[in-house]
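What follows is a single structure, written as structure tokens, with notes after it.
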Amino acid sequence: METARPALAGWTIETGASKLTRSFKFESFTQAFGFMAQVALLAEKAGHHPDWSNSYNKVEITLSTHDAGGLTQKDVDLAQKISALV
Ligand SMILES: C[C@H](O)[C@H](O)[C@H]1CNC2=NC(N)=NC(=O)C2=N1
């Protein structure tokens, strides 16, 4: 596990598992869910979707390319678009 380079600041690259992860915390469930709605629109537009979980004001996101069995540029691109939302 290593901290991502600046272009992916905030994301953790799980080298063994070949995935990107990041936790987001908001002030309320409503804000967390609003963020998820924005991510959902980005994901649908990209045709690339996060694995994620939500608990009240926290959203945990994992990005990997299932078809490729690991990380691809699609994950990096989506991570950067998600980061730009917060
Ligand atoms: C057919 C469709 O494009 C594929 O199933 C897409 C959809 N979204 C996806 N999302 C992610 N994270 N990985 C994929 O391999 C993937 N494949």
Report task. Please assess L20 against E14 for the test side chain to side chain contact (heavy atoms under 4.5 Å, CB included), listing each intermediate value before the final yes or no. Result -> CA-CA 6 Å; L20 290 173; E14 307 250 354; over 6 Å; no

Requested in this report: Could you verify whether a donor N or O on one side chain and an acceptor N or O on the other, from D75 and T65, lie under 3.5 Å apart?
Outcome: yes

Query raised in the report: For the atom pair CH2 (W11) and CG (L63), what is the distance rounded to the nearest 0.5 Å?
Result: 4.5 Å

Query raised in the report: Are I61 and D51 side-chain neighbours, meaning at least one heavy-atom pair lies under 4.5 Å?
Result: no

**Report entry** Exercise: do R22 and S83 side chains pair donor with acceptor under 3.5 Å
**Finding:** yes

Query raised in the report: Any chance CZ of F26 has more than 12 other-residue heavy atoms, nucleotides or ligands included, within less than 6.0 Å?
Result: yes

Query - Where N54 and A32 come nearest, the two heavy atoms and their spacing - result: ND2-CB, 4.1 Å

Query - Which atom of L8 lies closest to which atom of A79, heavy atoms considered - result: CD2-CB, 3.7 Å

Query raised in the report: Side chains of P50 and V39: does their closest heavy-atom pair fall under 4.5 Å?
Result: yes

Report task. Ignoring hydrogens and angles, state whether a donor on the side chain of S23 or E60 is under 3.5 Å from an acceptor on the partner side chain. Result -> yes

Query - Side chain to side chain, F35 and V86, heavy atoms closer than 4.5 Å - result: yes

Report task. Take M36 and V59 through the test side chain to side chain contact (heavy atoms under 4.5 Å, CB included) and record every step on the way to the result. Result -> CA-CA 8 Å; M36 293 175 78; V59 180; 3.9 Å; yes

Query raised in the report: Is there any ring pair (Phe, Tyr, Trp, His ring centres under 6.0 Å) pair reaching into residues 38-66, and which pairs are they, with sequence neighbours excluded?
Result: none

Query raised in the report: With side chains defined as the heavy atoms from C-beta onward, is the minimum distance between F24 and I82 less than 4.5 Å?
Result: yes

Requested in this report: Show your working on side chain to side chain contact (heavy atoms under 4.5 Å, CB included) between S28 and N57 and close with a plain yes or no.
Outcome: CA-CA 5 Å; S28 65; N57 62 339; 5.7 Å; no

Requested in this report: Starting from the C-alpha separation in whole Å, work towards a yes-or-no answer on side chain to side chain contact (heavy atoms under 4.5 Å, CB included) for L42 and L85.
Outcome: CA-CA 10 Å; L42 285 178; L85 294 174; 3.7 Å; yes

Query - Nearest atoms (heavy-atom pairs only) where S64 meets S18 - result: CB-O, 3.8 Å

